[in-house]
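Some notes on the structure that comes next.
Quick note: numbers below take in every heavy atom, side chains included, and nothing from hydrogens, waters or symmetry partners.
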Amino acid sequence: MNKIEKDLMNIILNKSACNLDQFINKKLKSKIFKNKKRHELLRLLPIIISNTNETNSDWLNSSKNLKWFKMPGLLDTIIENIDNFNFNNKNDYLLYKVIRNIGTLDLTEEQLVRLSDKILDCDVNIRYMTLYAIYDLLNRNNNDILTKQVLEKYLLNNSTCNTTINLIISNNTTENNSIDLLYKNIDSILEKNNSVDLVYLKNVIDNEQTITKIKEKIQKDSKTSLMTSFNNKLKCFINRNKLDEESNKKLDTILEIIYLIAEDIAKNEQIALKETKYLGQGSFSLIYCIGNKVIKLGTSRGADRFPNNPYIIKPLLRKKFTLNATKDFYIEVTERVDTKTKIPEEKLYELYKKIRNSDLIWSDVEYRNVGILLKDNIIHWRQELPITDEVLGLDKYIEGEELKKGELVICDNDHIFYDNSANKNISNPISQLQQAFESRYQEEKNKKFIKKLSINNFNKIIKFLIALSFMINNYIVYYYYI
């Protein structure tokens, strides 16, 4: 064991003495036996890799140590040992860093193929950003056939299938048309992989034959399909790896309940669950649609409670579940509304004014948060539901005009507060429209007050003059007779 190897082993055993980045830089910058030390570090590279984690990985900066990285065999050694990096808790950040750094170098097609194959051997959860780094590396090679071959491997791999689908759909252009890979491999995907979000997939492709196959799969096992979709999309709000065992069990139970609710909605709407649509996500929730009913799932609300009122879409269900001391889970079911028709600003202001006249503040005034009623704003269900303000988790109903079909309604009510609420200032963000509307509302209110005050004063003056005239008249009559 030579000195460099002894120094390296000391660093590995005594981590506080020095980190790998400092050790490697020191050896590479040495003016004595510089070339020999480079070759010795290259020989020890497998050991260095196996002891590299997120905190000591700066040596991977190829631009900083360019001459070393260009040494024959170094890039091949990294590729061959890429699955031996010290990945913490299956986190792929270090893998992303490796790909980004070696991506600045010139890789041959053979190296690109080996690299993409070895990445699949890494014990990590490959997220979108890491897969995109691989995709970007392939695109720089300007070989469309090779790019599609690699994407197909990732598409047919159970652990990367979902992420690859998202990548293909997000980057499908005339120049990079890879969506045909989905159509070509759909049978294998449906047969072998139960982790694919089929509800999302059928909504974002336009091949009717493929859509029919996906719907058949959903209908065959609707519970697995919907539960998979819920879990897949909830990653935006919940990191299951950070939940304790009890919280994960609670979440599983909640999702089971949501599936039963979805079944009941499908029965009410007289529609098959294969027609379930994923509509997207808002600031606080995921949005699904079954027939004319919308299901919102989330882990946060802008306002937990506010008064029930006629200007929000009538909730059929609004329920909070507690996961743990710091996190809750919410579900809300409402009627579907038209969110595609363009709304004039004046109509939006009139709705805002109705809310303000009810002594409420609606802080998140945005066109995306309203819709046009497709039906009267009442509960539409096959039987009468025992819905009360308390059941919905809302405060007492504030009376007002009941909105009819074709009128504007608030369909995202996360940011409604009492006018005197201590919570109204925590809404984030307060929209620019809200600020403009509030200024206009206060100005109109002040003008109305001044006008009323003026009218009242005018009436008082008239009454005074009448009274004065009456007194003068009485005095004249009295004086005349006296």
Please enumerate all residues that pass side chain to side chain donor-acceptor pair (under 3.5 Å) together with D180, with sequence neighbours excluded.
none
Qualifying residue, where the test is side chain to side chain contact (heavy atoms under 4.5 Å, CB included) with R336 and the options are I313, V294, I290
V294
Audit row: Y259, L273, side chain to side chain contact (heavy atoms under 4.5 Å, CB included) steps and yes/no:
CA-CA 10 Å; Y259 173 72; L273 278 172; 3.8 Å; yes
D206 backbone acceptor or donor facing T210 side chain under 3.5 Å
no
How long is the gap from CD on Q434 to OG on S439, to the nearest 0.5 Å?
8.5 Å
So, are R114 and E110 salt-bridged, with charged N and O less than 4.0 Å apart?
yes
With no hydrogens and no angle check, do the side chains of Y349 and E345 hold a donor and an acceptor under 3.5 Å apart?
no
Main chain of P46, side chain of N81: is a donor-acceptor contact present, judged purely on distance under 3.5 Å?
no
Measure across I49 and T77 and return the closest heavy-atom pair with its distance rounded to 0.1 Å.
CD1-O, 4.1 Å
N231 side chain vs L234 backbone, donor-acceptor pair below 3.5 Å:
no
S178 side chain to I168 backbone, donor-acceptor under 3.5 Å
no
Do the side chains of R43 and E40 get close enough for a salt bridge, i.e. N-O under 4.0 angstrom?
yes
Give a yes or no on whether the backbone of F437 and the side-chain of R356 come within a donor-acceptor separation of less than 3.5 Å.
no
Shortest non-hydrogen pair, L394 vs R305, comes out as O-NH2, 3.0 Å
Looking only at heavy atoms, the pair that brings L392 and P315 closest together is CD2-O, 3.8 Å
Apply side chain to side chain contact (heavy atoms under 4.5 Å, CB included) to residues I102 and L115 and explain how you reach the verdict.
CA-CA 10 Å; I102 66 175; L115 174 64; 4.0 Å; yes
Please report the closest heavy-atom contact between C236 and Q281, naming both atoms and the distance.
SG-OE1, 3.2 Å
With sequence neighbours left out, write down each residue that passes side chain to side chain contact (heavy atoms under 4.5 Å, CB included) with S225, or none if nothing qualifies.
L198, I218
By side chain to side chain donor-acceptor pair (under 3.5 Å), N232 pairs with (sequence neighbours left out) D197
Indicate yes or no for a side-chain donor-acceptor contact from N248 to the backbone of R240 under 3.5 Å, with no hydrogens or angles considered.
yes
Report yes if the side chains of L28 and K37 come closer than 4.5 Å at any heavy-atom pair, otherwise no.
no
Separation between NZ (K27) and CG (L44), nearest 0.5 Å, reads 10.5 Å
Strictly below 4.0 Å, N to O, side chains only: are D264 and K293 in salt-bridge contact?
no
Is there side-chain contact between Y154 and I134, with at least one heavy-atom pair below 4.5 Å?
yes
Salt bridge present between R368 and D412 (N-O < 4.0 angstrom)
no
Euclidean distance, I287 CD1 relative to C411 SG, rounded to 0.5 Å
8.0 Å
With a 6.0 Å cut-off (strictly less than), is the heavy-atom count around CG of D244, excluding the residue itself, greater than 12?
yes
In terms of side-chain geometry, is the basic nitrogen of E152 or K184 positioned less than 4.0 Å from the acidic oxygen of its partner?
yes
Would you say N56 and F23 make side-chain contact, with heavy atoms under 4.5 Å?
no
Under 3.5 Å, is there a donor-acceptor pair between the side chain of N309 and the main chain of P307?
yes
Between Q111 and D76, which heavy-atom pair has the shortest distance, and what is it?
NE2-OD1, 3.0 Å
What I'd like to find out is whether the side chain of L351 reaches to under 4.5 Å of the side chain of W362, using heavy atoms alone.
yes
Between E256 and K223, is the closest basic N to carboxylate O distance under 4.0 Å?
yes
Within the distance-only criterion (no hydrogens, no angle test), does the side chain of K202 pair as donor or acceptor with the backbone N or O of T276 below 3.5 angstrom?
yes
I'd like to know if the side chain of S116 and the backbone of V113 have a donor-acceptor N/O pair within less than 3.5 Å.
yes
Give the intermediate values and the outcome of side chain to side chain contact (heavy atoms under 4.5 Å, CB included) for residues W59 and T52.
CA-CA 9 Å; W59 67 267; T52 299; 3.1 Å; yes
For K118, does the NZ atom sit with more than 12 other heavy atoms under 6.0 Å from it, leaving out its own atoms?
yes
Does K319 have more than 12 heavy atoms from other residues, nucleotides or ligands lying within 6.0 Å of its NZ?
no
Please list, chain by chain and in numerical order, all residues satisfying ring pair (Phe, Tyr, Trp, His ring centres under 6.0 Å) with F230, sequence neighbours excluded.
Y288
Can you check whether Y278 reaches V204 side chain to side chain, under 4.5 Å on heavy atoms?
no
Do the non-hydrogen side-chain atoms of L323 and I238 ever get within less than 4.5 Å of each other?
yes
CG of L360 to OH of Y311, rounded to nearest 0.5 Å, is 9.5 Å
If you take all heavy atoms of Y367 and L348, which pair is closest and at what distance?
CE2-CD2, 3.8 Å
With sequence neighbours excluded, what pairs up with Y441 under the ring pair (Phe, Tyr, Trp, His ring centres under 6.0 Å) test?
none
To the nearest 0.5 Å, what is the distance between CG on L112 and CG on D117?
11.0 Å
Look at the side chain of N324 and the backbone N and O of K327, then say whether any donor-acceptor pair between them is shorter than 3.5 Å.
yes
Look up atom OG1 in T163 and atom OH in Y128, then write down how far apart they are to the nearest 0.5 Å.
10.0 Å
Could you give all pairs that pass the salt bridge (Lys or Arg N to Asp or Glu O under 4.0 Å) test and reach residues 87-103, with sequence neighbours left out?
D58-K97, K90-D123, D92-R127, R100-D136
Which of parallel (below 30°), tilted (30 to 60°) and perpendicular (above 60°) describes F329 and F321?
tilted
Y93 atom OH: more than 12 heavy-atom contacts under 6.0 Å:
no
Going through the checks in order, is the side chain to side chain contact (heavy atoms under 4.5 Å, CB included) test met by N162 and V196?
CA-CA 5 Å; N162 256 323; V196 176; 3.9 Å; yes
For a quick check under 3.5 Å, do N88 and E54 share a side-chain donor-acceptor pair by atom type?
no
For the residue pair H415 and F417, categorise the inter-ring angle as parallel (less than 30°), tilted (30 to 60°) or perpendicular (more than 60°).
perpendicular
